[in-house]
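A quick write-up on the structure given underneath.
Computed from a predicted structure; not experimentally measured. The analysis underlying the following values was restricted to heavy atoms, covering all of them including side chains, and did not include hydrogens, waters or symmetry mates.
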Amino acid sequence: MTDLNSELSYLQAFRDAVDEAGIVAMTDVRGKILDVNENFCQISGYSREELLGQNHRILRSEQHTDEFFREMYRTIGQGNVWRGEICNKSKSGSLYWVNTTIVPLLDDQGTISGYLALRIDISEQKRLMQRMQHLAHHDPLTGLPNRVSILESIQRVIDRQPEKHYALLFMDFDRFKLINDSLGHDVGDKLLEAIAVRLRKSVRATDTIQAARLGGDEFVVLLENLKSPQDATRVAERLINTLSEPYNLGGYTIYSSASIGIVTSEHPVSSASEMLSNADLAMYEAKAEKLDRPVVFDRVLREKAQRRLYVENELRDVLSRNELTLFYQPIIDLETEELRGVEALIRWFHPVGGMIPPDEFISVAEEMDMIIPIGNFVIDEACRQLADWRNRLGEHAPDNMHVNVSRKQLEHPTLISVVEQALQKHGLPAGCLHLEVTESMIMHDRDASIATLNGLKKLGVKLDVDDFGTGYSSLSCLCDFPIDALKLDREFVKKSDRDREVTLIHALIILAEKLGLEVIAEGVENTEQLALLQDLGCCLGQGYYFSRPVSGKDLEESILVGLGTTSPVAKV
């Protein structure tokens, strides 16, 4: 009897524990509720009297498919235990999640007579998981889907291969960095939030339209079920108009237009990242061309992208393969037409691809941070060539060598030492070397530029401002920086048949003379331009009228051939 009492006591304690911790219900084989505990009543919102006799379907939330329940009933109907997570609906209509274990109850003959369901409330964990899932797939600032989310959406569309057209719009906002830097990150964040609001209103999120923020000021819109690819262009044009309207933020009126690139399903891809990359390329084309209309990705842009990738890959080992060389364009005394100096211009001769022009690979080199070693090569090779000419040609060698310096080179802490080492290595007087920088380059970081230019000046190197007159602060540039020469932009010379340009050239020459600066006119192409520059008092010039850029060997032969004639530079 004692053992029986102990067993009953143990069983009661077990039931009390289950009843206290769990949500318990008992049903018959048809799902009619036979009994529930207090926890069941509390979480469901129903009283015990309201539940007894009701079918368990009263709690269904419509969050699960019919197949979900068919599988559950199939399992317990075979006498097996079923475990899973179920979302139920309370009397008030709110949803709650329970981790559920359903155990079949057997009678004396082993027949299923009903079911015992034990549930644990996991609603809070579910809410936390959903919140984490939301944060993982949404931008915290704007609330829009983020890069991870939109890439998943794009990939689903690609894999589905829908019959109707689809497209991706890639947006970048002009002047955002300027706004962020000048007005502060708070205003920048408000602008991003305002952009997101306009996007939501313009392309209301549906099953076929989804806007997302990739990061920074880059946004995308995924469009599905388009009747034609042209529909994407119409949406983009509407967005450009909407997003270019002024923003009133924190007491500021801000203008920021969008550059938009489009890629459509007319150019099928296998991955979301490739589609995003193609749209990005189209956007950069719109941005570079300063267009107020979207650019659609096409075969030409694809070839351009493939060409860029080829250039980038081949550029990585270009120095070790010795494929770079320098060409030289003479700088001429316009009064005597005698050679005064040369400008070193880099050329890339690829053994398979042939000559790759600088405007195709210099920008790539800058983005890859290859411009520093390439720029160092140019400085060293130019100094070597001039030293060699001075040793072999004597007084007939060019007086000086002009070398272009990129912004990244100017900002790099090793520039001064690189120049100093090249001069010492080749035994070249510092005054023979002219380093050319642009106005916009040195104005990018005035204090740092002044320090670097002063350091070069201490070496004895000459400093030229290239493309003078195209920047936004020319007079300030002349006052603040240790400049020796101005190179008039070729556009002035090209338009020198107009009175306004002639007056401007004349004024710049007089200004330079007053400041003790040399003036070099770029882009001299005909006798009329030469005569005008001579009349205006310009001392030096370069351009196709005198010579195209040529190899060091060809320039040397030209000098030797020209010795003893009126002009020692034969036109090439």
Side-chain angles (χ1 to χ4, degrees), residues 324 326-331 340-347 358 362 365-366 371-387 389-390 397-471 474 477-478 480-490 512 515-522 540 542 549 552:
L324 296 180
L326 296 186
F327 271 36
Y328 303 92
Q329 186 172 40
I331 296 174
R340 283 280 300 276
V342 293
E343 179 180 357
L345 300 166
I346 193 167
R347 295 292 184 267
I362 290 297
E366 289 177 340
I371 197 64
I372 301 301
I374 289 175
N376 293 347
F377 161 80
V378 172
I379 291 172
D380 182 76
E381 176 61 17
C383 289
R384 184 206 65 78
Q385 180 64 82
L386 183 58
W389 280 334
R390 285 166 62 89
D399 294 341
N400 47 62
M401 175 71 70
H402 293 243
V403 177
N404 291 283
V405 175
S406 73
R407 195 183 88 187
K408 286 195 173 182
Q409 281 180 278
L410 188 67
E411 295 172 346
H412 202 273
T414 63
L415 177 60
I416 296 174
S417 61
V418 166
V419 172
E420 184 176 22
Q421 290 170 14
L423 293 171
Q424 292 176 353
K425 176 182 176 181
H426 300 293
L428 197 65
C432 296
L433 180 63
H434 285 239
L435 296 180
E436 298 186 0
V437 296
T438 63
E439 294 174 69
S440 58
M441 182 195 308
I442 58 180
M443 293 301 294
H444 181 259
D445 187 339
R446 292 172 58 91
D447 293 339
S449 296
I450 289 173
T452 302
L453 295 179
N454 282 333
L456 292 168
K457 195 70 174 176
K458 286 181 181 178
L459 296 179
V461 170
K462 302 293 185 181
L463 301 171
D464 302 354
V465 177
D466 196 14
D467 300 332
F468 185 75
T470 60
S474 303
C477 168
L478 298 181
D480 297 339
F481 297 96
I483 303 302
D484 296 287
L486 306 179
K487 298 192 76 173
L488 295 183
D489 186 76
R490 64 185 68 251
L515 295 174
L517 306 177
E518 286 188 323
V519 176
I520 305 170
E522 297 182 289
L540 301 171
Q542 66 182 102

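Between the CG atom in L540 and the CD atom in E518 there is a gap of 5.0 Å [rounded to 0.5 Å]. Here CG of L517 is found 8.0 Å from CD1 of I483. Values are rounded to the nearest 0.5 Å. N404 CG to L345 CG: the interatomic distance, rounded to the nearest 0.5 Å, is 6.5 Å. In this structure, the separation between CG on L435 and NZ on K462 is 12.0 Å, given to the nearest 0.5 Å. Atom CG in D399 sits 10.5 Å away from atom CD1 in I331 (nearest 0.5 Å). Distance check, rounded to the nearest 0.5 Å: CD of E343 to CG of D464 gives 9.0 Å.
Between P549 and F327, the shortest heavy-atom contact is O-CD2, 3.4 Å. What you find for A382 and M401 is that their closest heavy atoms are O-CE, 3.4 Å. Nearest heavy-atom pair across C383 and L433 is SG-CD2, 4.2 Å. Nearest approach of P398 to L386, heavy atoms of both residues: O-CD1, 3.5 Å. The nearest pair of heavy atoms linking V405 to L410 is CG1-N, 3.9 Å. For the pair N454 and P482, the tightest heavy-atom approach, listed with the atom from each and the gap, is OD1-CG, 3.4 Å.
Side-chain atoms of R347 and P358, non-hydrogen and from C-beta on, do get closer than 4.5 Å to each other. Proximity of I379 to L415: side-chain heavy atoms (C-beta onward) are separated by under 4.5 Å at one or more points. Contact check for L463 versus F481: no side-chain heavy atoms found under the 4.5 Å cut-off. Using a 4.5 Å heavy-atom cutoff, the side chains of K457 and D484 are in contact.
Pairs engaging residues 407-439 under the ring pair (Phe, Tyr, Trp, His ring centres under 6.0 Å) rule: H402-H434 [sequence neighbours left out]. Among residues at least two apart or in separate chains, salt bridge (Lys or Arg N to Asp or Glu O under 4.0 Å) pairs with a member in residues 373-383 are D380-K425, E381-R384.
Listed for the S406 side chain is a donor-acceptor partner under 3.5 Å among the backbone atoms of Q409.
Using a 4.0 Å cut-off between charged side-chain N and carboxylate O, K408 and E366 make no salt bridge.
Contacts of E420 classified as side chain to side chain contact (heavy atoms under 4.5 Å, CB included), with partners at least two apart in sequence or in another chain: Q424, L459.
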